[in-house]
Number of protein chains: 2
Amino acid sequence: MATIRDVAKEAGVSIATVSYVLNNTKHVSEETRRRVLEAARKLGYRPSNIARGLRARRSHALGYSWRPMPGGEINVILDTFLESMAIAAARHDYHIIAYPTTTESDEVQFYRDLVEAERVDGFVLSNTNYDDPRIRFLLDAGVPFVAFGRSNPDWDFPWVDVDGAAGMRKAVEHLVGLGHTRIAFIAWPEGSLSGEERLRGYLEGMEAAGLSIDEAWVLRGEMRHEVGYEAARVFMRLPAARRPTAIIAVSDLMAVGAMNALADMGIRVGHSVAVVGFDDIPMARYLRPPLTTLRQPIADIGEKVIDMLMKHLAGEEPEQCHVLVEPELVIRASTMPDT
Amino acid sequence: MATIRDVAKEAGVSIATVSYVLNNTKHVSEETRRRVLEAARKLGYRPSNIARGLRARRSHALGYSWRPMPGGEINVILDTFLESMAIAAARHDYHIIAYPTTTESDEVQFYRDLVEAERVDGFVLSNTNYDDPRIRFLLDAGVPFVAFGRSNPDWDFPWVDVDGAAGMRKAVEHLVGLGHTRIAFIAWPEGSLSGEERLRGYLEGMEAAGLSIDEAWVLRGEMRHEVGYEAARVFMRLPAARRPTAIIAVSDLMAVGAMNALADMGIRVGHSVAVVGFDDIPMARYLRPPLTTLRQPIADIGEKVIDMLMKHLAGEEPEQCHVLVEPELVIRASTMPDT
DNA sequence: AGCGTTGGGTGAAACGTTTAACCGATCGGG
DNA sequence: CCCGATCGGTTAAACGTTTCACCCAACGCT
């Protein structure tokens with residue numbers, strides 16, 4: 001494997017000149033520049049990332065860790081998110097170290113290890129929440145990072161997030177446009193930032209439409225199919241005048257639970273009762289009926305996150321460090337009565 | 001950040017001694033050993049991975065790349081696979097660099113880059129196929145790697161794979177046990193190694209049960225929902241005497257297509273016609289009816305792959321370098337007439 | 001003419017480890 | 001008693017870069 005010394009000898013210059021040419025970091029004459037480039041090409045030289053990192057104190061790697069979904073559920077965005085990040089990072093000659101964290105205690109420990117062993121120059125976080133210990137640690141340690149998701153409002157750090165509230169407002173608006181007035185909502189337990197955002201969007205949407213909300217229309221539960229299933233059954237057992245004609249779930253998985261409950265009760269989804277989810281999981285379009293849902297622009301977010309992080313690492317102040325993107329309402333048959 | 005020199009000074013020894021103690025690579029007296037460990041602990045020292053790598057010519061990282069699923073489909077195993085690999089690798093102080101490759105041409109280029117820039121010590125491959133250019137390259141370049149999946153029989157390299165044929169034999173056996181004799185199969189186009197394996201399992205299973213196969217019972221097509229949908233329609237249009245009472249699909253996605261086609265034709269899945277898939281995608285258990293399918297032990301495979309790769313990197317000869325694991329048949333209502 | 005400046009290039013230090021070579025002291029065997 | 005081996009430790013070279021300090025020649029300006 002050719003080193004910078006081989007290239008220097010081949011081109012008849014010093015190793016310093018080779019370095020300057022290759023990094024474009026100092027002016028050299030066109031003639032020598034050409035010779036160096038030619039020599040490097042001929043020898044198939046590429047700088048050793050390790051040696052480069054030692055001197056420049058840069059590993060040229062970014063860490064991304066996620067929490068495995070509870071209950072063995074699949075992380076539907078991981079695939080797309082990793083892909084978009086890796087491609088964006090590659091443009092800056094950076095790579096992504098991927099790591100799932102299990103318990104919350106070793107979560108912070110993992111970040112500390114990676115930083116102290118100089119394995120990464122920065123981090124991407126996702127699934128953030130209030131009082132997120134990872135964010136607290138990274139802020140305290142002064143390690144560059146960008147989060148996909150928000151946290152405490154008084155913590156100042158760069159993030160990109162999906163506007164779940166706006167998404168849910170869109171969903172309500174869509175249902176109201178179809179004539180629904182009694183719309184129920186299946187939420188997550190309190191304490192989830194994104195969960196509360198989505199709930200807020202529902203409440204605001206209802207208010208904007210001038211609709212009052214029956215207290216029985218909001219149920220909370222863990223992110224599980226069964227929870228959606230049970231919630232729908234409870235809704236349908238309400239007296240006719242209070243019974244919802246549409247159900248919005250905070251996630252597709254729970255929406256599927258609701259759809260299955262309705263089907264088991266002999267209620268036609270879409271025709272009699274509309275259902276809306278959130279995520280656009282791959283299966284959503286193949287469900288019977290296909291599920292209306294909110295799609296997060298994951299690929300855009302991955303790219304944006306990396307761009308912001310690269311700016312951060314380069315020491316530049318990014319023009320915007322809080323980015324809120326709107327999810328897209330994908331309308332399918334689960335909210336279309338005429339199919 | 002404390003360096004090895006700080007620790008040496010604190011413990012009153014040379015940096016060499018510190019290194020020997022920390023790496024357990026030479027015998028030192030119990031007394032000094034204790035002092036060094038104490039000093040390291042006190043200063044919160046951890047060796048810089050970069051510096052260590054430069055000298056030892058090791059990056060302590062492994063590369064894993066996958067191809068994004070065609071047609072925007074999700075990679076259902078990525079999540080679990082990455083997780084199990086990262087955990088297994090961490091036990092050896094190794095990390096995983098994740099990278100999706102897009103076109104086949106830059107696929108090999110990506111491997112070359114990573115090797116030449118000394119960013120990784122070895123690779124994990126998945127989605128392998130006949131004449132896989134990545135395998136060819138890595139073999140030629142002498143780079144350590146372990147594959148999840150097989151390739152040309154005359155290429156000698158370590159791999160772990162799921163025995164798709166055995167899985168399909170199990171599926172056939174299960175259906176035969178339920179009284180089915182006319183069983184159809186939805187396959188992938190020719191040229192896919194795992195696809196042909198699964199088809200072979202179906203053929204063998206049928207033969208073992210003494211059942212003859214109508215040529216109309218095997219249809220091929222791309223990995224798409226629509227393909228499964230159309231195939232099921234074709235099967236159901238056969239004259240009653242030749243019409244299958246059970247359909248096995250080479251993947252869950254195509255099985256879902258078949259299920260939807262049957263439902264749209266007013267045929268009760270599970271009751272009238274049984275359907276079996278392959279993968280156990282997360283949604284499989286929530287489908288109506290829930291889908292009988294073959295589950296690959298992904299977590300075990302991830303761990304096994306890393307263990308083999310670590311052995312390989314350590315220069316030890318692994319006791320077994322070809323591992324074939326059987327998928328598990330998960331029986332659900334799509335093949336149970338009595339629900 | 002003298003002098004600062006600029007363009008184009010070199011020499012060598014530094015980054016933080018690992019490890020080969022070496023060294024003194026102690027000890028056991030012939 | 002002497003020689004080789006062993007134990008416990010040190011010195012210093014090496015890994016392949018980046019980059020600071022410096023140098024020389026040419027040049028423009030007073």
Side-chain angles (χ1 to χ4, degrees), chain A residues 1-37 39-40 43-61 93 113 115-121 313-315, chain B residues 1-37 39-40 43-61 93 113-121 313-314:
Chain A
M1 192 134 298
T3 81
I4 198 175
R5 246 170 278 272
D6 301 328
V7 177
K9 190 177 295 179
E10 176 75 23
V13 295
S14 72
I15 62 166
T17 305
V18 176
S19 177
Y20 288 133
V21 168
L22 263 35
N23 296 311
N24 245 330
T25 177
K26 202 179 167 188
H27 197 70
V28 292
S29 75
E30 202 46 51
E31 161 64 11
T32 30
R33 163 182 212 77
R34 208 192 42 69
R35 280 220 316 282
V36 168
L37 255 27
L43 297 174
Y45 167 75
R46 31 178 28 105
S48 157
N49 188 54
I50 299 179
R52 160 182 296 188
L54 177 58
R55 172 63 217 219
R57 321 256 50 167
R58 287 244 165 155
S59 64
H60 278 257
D93 197 24
D113 283 357
V115 168
E116 294 186 348
E118 299 189 293
R119 272 178 132 120
V120 301
D121 298 337
L313 285 173
Chain B
M1 190 135 300
T3 82
I4 199 175
R5 246 169 278 273
D6 301 326
V7 178
K9 188 177 295 178
E10 176 75 23
V13 295
S14 72
I15 62 166
T17 305
V18 176
S19 177
Y20 289 133
V21 168
L22 263 34
N23 296 311
N24 243 331
T25 176
K26 203 179 168 188
H27 197 68
V28 293
S29 75
E30 202 47 51
E31 160 64 12
T32 31
R33 164 184 212 75
R34 207 192 42 69
R35 279 221 316 281
V36 168
L37 255 28
L43 297 175
Y45 168 75
R46 17 181 40 102
S48 156
N49 190 54
I50 299 179
R52 160 183 294 191
L54 177 57
R55 171 65 215 219
R57 321 255 53 171
R58 286 242 166 157
S59 64
H60 278 257
D93 197 24
D113 283 355
L114 241 40
V115 168
E116 293 186 351
E118 298 189 292
R119 271 179 132 119
V120 300
D121 298 338
L313 285 172

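So you know, we letter chains A, B, ... as the sequences are listed, proteins then strands, and number each from 1.
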Any [X] side-chain N or O less than 4.0 Å from OP1/OP2 of [N]:
| X | N | result |
| --- | --- | --- |
| Ser19(A) | dT18(D) | yes |
| Arg52(A) | dG16(D) | no |
| His27(B) | dG8(D) | yes |
| Ser29(A) | dG9(C) | yes |
| Thr17(B) | dG8(D) | no |
| Tyr20(B) | dA20(C) | no |
| Ser14(B) | dG9(D) | no |
| Arg57(A) | dG16(C) | yes |

Quick test of your reading of the model: are Asp93(B) and Arg58(B) salt-bridged, counting only N-O distances below 4.0 Å?
no
Nearest heavy atom decides the nucleotide; on that basis, is Ala56(B) or Gly12(B) closer to the 5' end of DNA chain D?
Gly12(B)
Earlier contact from the 5' end, DNA chain D, for Leu54(B) and Ala16(B)
Ala16(B)
Send over the distance from [X] [atom1] to [N] [atom2], rounded to a whole Å.
| X | N | atom1 | atom2 | result |
| --- | --- | --- | --- | --- |
| Arg5(B) | dA14(C) | CZ | C1' | 10 Å |
| His60(A) | dT17(D) | NE2 | P | 13 Å |
| Asn23(A) | dC20(D) | CG | P | 13 Å |
| Arg33(B) | dC7(D) | CZ | P | 15 Å |
| Glu118(A) | dG16(C) | CD | P | 7 Å |
| Glu31(A) | dG9(C) | CD | C1' | 14 Å |
| Asn24(B) | dG8(D) | CG | P | 14 Å |

Using a 3.5 Å distance criterion without hydrogens, assess whether the side chain of [X] forms a donor-acceptor pair with backbone atoms of [Y].
| X | Y | result |
| --- | --- | --- |
| Asp121(A) | Ser59(A) | yes |
| Arg119(A) | His60(B) | yes |
| Arg35(B) | Ala11(B) | yes |

Where the side chain of [X] is concerned, which of [options] is the nearest nucleotide?
| X | options | result |
| --- | --- | --- |
| Thr3(A) | dT17(D), dT10(D), dG9(C) | dT17(D) |
| Thr32(A) | dG9(C), dG8(D), dT17(D) | dG9(C) |
| Ala51(A) | dT10(D), dC15(D), dT17(D) | dT17(D) |

Side chain Arg55(B) and base dT17(C) donor-acceptor under 3.5 Å
no
Under the 3.5 Å rule, do the base of dG9(C) and the side chain of Lys26(A) count as making a donor-acceptor pair?
yes
Non-hydrogen atoms of Tyr45(A) and Thr3(A) that approach each other most closely:
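Looks like CE1-C, 3.4 Å.
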Within the structure shown, what part of the strands sits under 4.0 Å from Ile15(B) by heavy-atom distance: base, sugar-phosphate, or nothing?
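The answer is base, as Ile15(B) lies within the cut-off (heavy atoms under 4.0 Å) of a base atom.
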Touch check for Thr25(A), heavy atoms < 4.0 angstrom, all strands: base, sugar-phosphate only, or nothing?
nothing
Can you check side-chain contact (heavy atoms from CB on, under 4.5 Å) on Thr32(B) and Val21(B), steps first, answer last?
CA-CA 9 Å; Thr32(B) 31; Val21(B) 168; over 6 Å; no
